[in-house]
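The structure appears below as structure tokens.
Computation of the quantities below employed the complete heavy-atom set of this structure, encompassing side-chain atoms and omitting hydrogens, waters and symmetry-equivalent molecules. Below, chains carry the letters A, B, ... as their sequence lines are ordered, and counting in each starts from 1.
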2 protein chains.
Amino acid sequence: MNRRQTLQKKTILTVLRKTDTHPTADWIYDEVRKVLPHISKGTVYRNLKILSEDGEVSELHLNGDASRYDGKMSPHYHFRCEGCGKLYDIDEPFNAEIDERVMKKTGFMILYHHLEFRGFCHTCQNNKEREKEGYINE
Amino acid sequence: MNRRQTLQKKTILTVLRKTDTHPTADWIYDEVRKVLPHISKGTVYRNLKILSEDGEVSELHLNGDASRYDGKMSPHYHFRCEGCGKLYDIDEPFNAEIDERVMKKTGFMILYHHLEFRGFCHTCQNNKEREKEGYINE
DNA sequence: TTAGATGCAAAGGGTTTGCAACGTC
DNA sequence: GACGTTGCAAACCCTTTGCATCTAA
């Protein structure tokens, strides 16, 4: 099962590498269609799966909605706002020792870890303030 | 919008508290049906969402499959085996300071964080060994 | 009494898949 | 030429929802 280099796959990877966001398959599909108008969603999904298996991108399963994909492969952490759902990269030093420590303790072979912070971003904190003050009601 | 205590909700919570696994809604549905044979899946989903909103259980979005629910509410970490997909609780001290630190650095209001280790469990490590030795082929 | 909860079934929505045609190696 | 890949559409499957009925408070 040897992988082939297709225009579709290359374009998907380019799109993903070019953005700083963590797009959904749907967004990627729209973006790729600007270059390859006839690409199908199935192809996008198939390639995202392949790229993820090959370690070219990572698939993030963060909430109940659609998967998101990350073209930034250096280890880094995330922050998700529970107000607006936006995902941010966190510039916090990656802790490599913790894998080692847990590996020793558990005997599991640990390859990496995901760390995600949850809370409210600046905008949503402000909105909460305004809610409290009575400007916004639900 | 006042919450009511129903037999369905109580049973779901009991089932979830009694297990050490991280079951899917479907497994919970089957389990609850042993006691309440006429409960519907919609009710299970609705209650899981309510319990999760109320902080009684937590909903884990770990991979592309179905959501899993965790009745253990004390903060703890997870390990997911990439071989068999099994999820384990990790007995590693919960790091509360890191929230504080990232909060100061970013200005985000951080409430909590999720940490998940990935790799291979004991069984799957052994299987990989056997694969290498040629006993298992793909 | 009344508004929240249930059961049922249908709809939703992201993702996967079967298949014939196509393109890469 | 062989076989991995594509486009298309239908199928899948987990989850949500509308609605009449029921029930906890």
I want to check one thing: is the phosphate of [N], taken as OP1 and OP2, less than 4.0 Å away from some side-chain N or O of [X]?
X: A/Gln8; N: D/dG7; result: yes
X: A/Tyr45; N: C/dT16; result: no
X: A/Thr43; N: D/dG7; result: yes
X: A/Ser67; N: C/dT15; result: yes

Next on the checklist: Test ring-ring contact (aromatic ring centres under 6.0 Å, His included) on A/Phe94 and A/Tyr77; report intermediate values, then the result.
Outcome noted: CA-CA 8 Å; A/Phe94 191 81; A/Tyr77 299 137; 5.2 Å; yes

Checklist entry - So how far off straight is the helix from C/dT1-D/dA25 to C/dC25-D/dG1, going by the axes through five pairs at either end, to 10°? => result 50°

Item to check | N-O pairing of B/Glu31 and B/Arg33 below 4.0 Å | outcome: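 Between B/Arg33 and B/Glu31 there is no salt bridge, as every charged N stays at least 4.0 Å from the carboxylate O atoms.
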
Next on the checklist: Does this structure show an ion pair linking A/Glu56 with A/Lys9, if we count only N-O contacts that are shorter than 4.0 Å?
Outcome noted: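 Here A/Glu56 does not pair with A/Lys9 in a salt bridge, since their nearest N and O are not under 4.0 Å apart.
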
Checklist entry - Would you say the side-chain atoms of B/Asn95 and B/His113 include a donor-acceptor pair closer than 3.5 Å? => result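 No, because no side-chain N or O of B/Asn95 sits under 3.5 Å from a partner of the opposite role on B/His113.
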
Checklist entry - Of the nucleotides C/dT15, D/dT16, D/dG7, which one has an atom closest to the side chain of A/Ser40? => result D/dG7

Separation of [N] [atom2] from [X] [atom1] (nearest whole Å):
X: A/Lys9; N: C/dG23; atom1: NZ; atom2: P; answer: 17 Å
X: B/Arg46; N: C/dC8; atom1: CZ; atom2: P; answer: 11 Å
X: A/Gln5; N: C/dT24; atom1: CD; atom2: C1'; answer: 10 Å
X: B/Arg4; N: C/dT1; atom1: CZ; atom2: P; answer: 15 Å
X: B/Ile50; N: D/dA24; atom1: CD1; atom2: C1'; answer: 14 Å
X: B/Leu7; N: C/dG4; atom1: CG; atom2: P; answer: 20 Å
X: B/His38; N: D/dT23; atom1: NE2; atom2: C1'; answer: 17 Å
X: A/Lys41; N: C/dG18; atom1: NZ; atom2: P; answer: 20 Å

Next on the checklist: Out of the candidates B/Ile90, B/Leu115, B/Leu60, only one should pair with B/His78 under the side chain to side chain contact (heavy atoms under 4.5 Å, CB included) rule; please name it.
Outcome noted: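 Of B/Ile90, B/Leu115, B/Leu60, side chain to side chain contact (heavy atoms under 4.5 Å, CB included) with B/His78 is met by B/Leu60 alone.
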
Next on the checklist: So, applying side chain to side chain contact (heavy atoms under 4.5 Å, CB included) with B/Val44, which one of B/Val15, B/Ile12, B/Asp30 is it?
Outcome noted: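 Only one of B/Val15, B/Ile12, B/Asp30 forms a side chain to side chain contact (heavy atoms under 4.5 Å, CB included) with B/Val44, namely B/Ile12.
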
Please classify the nucleic acid contact of [X] as base, sugar-phosphate, or nothing, using heavy-atom distances under 4.0 Å.
X: B/Ile39; value: sugar-phosphate
X: B/Asn47; value: sugar-phosphate
X: A/Arg3; value: sugar-phosphate

Checklist entry - Just by modelled atom types, is the A/Ser58 backbone N or O under 3.5 Å from a matching donor or acceptor in the A/Lys72 side chain? => result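 No: the side chain of A/Lys72 does not pair with the backbone of A/Ser58.
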
Item to check | Comparing B/Asp26 and B/Thr6 on DNA chain D - which has the more 5′ nearest nucleotide | outcome: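 The answer here is B/Asp26.
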
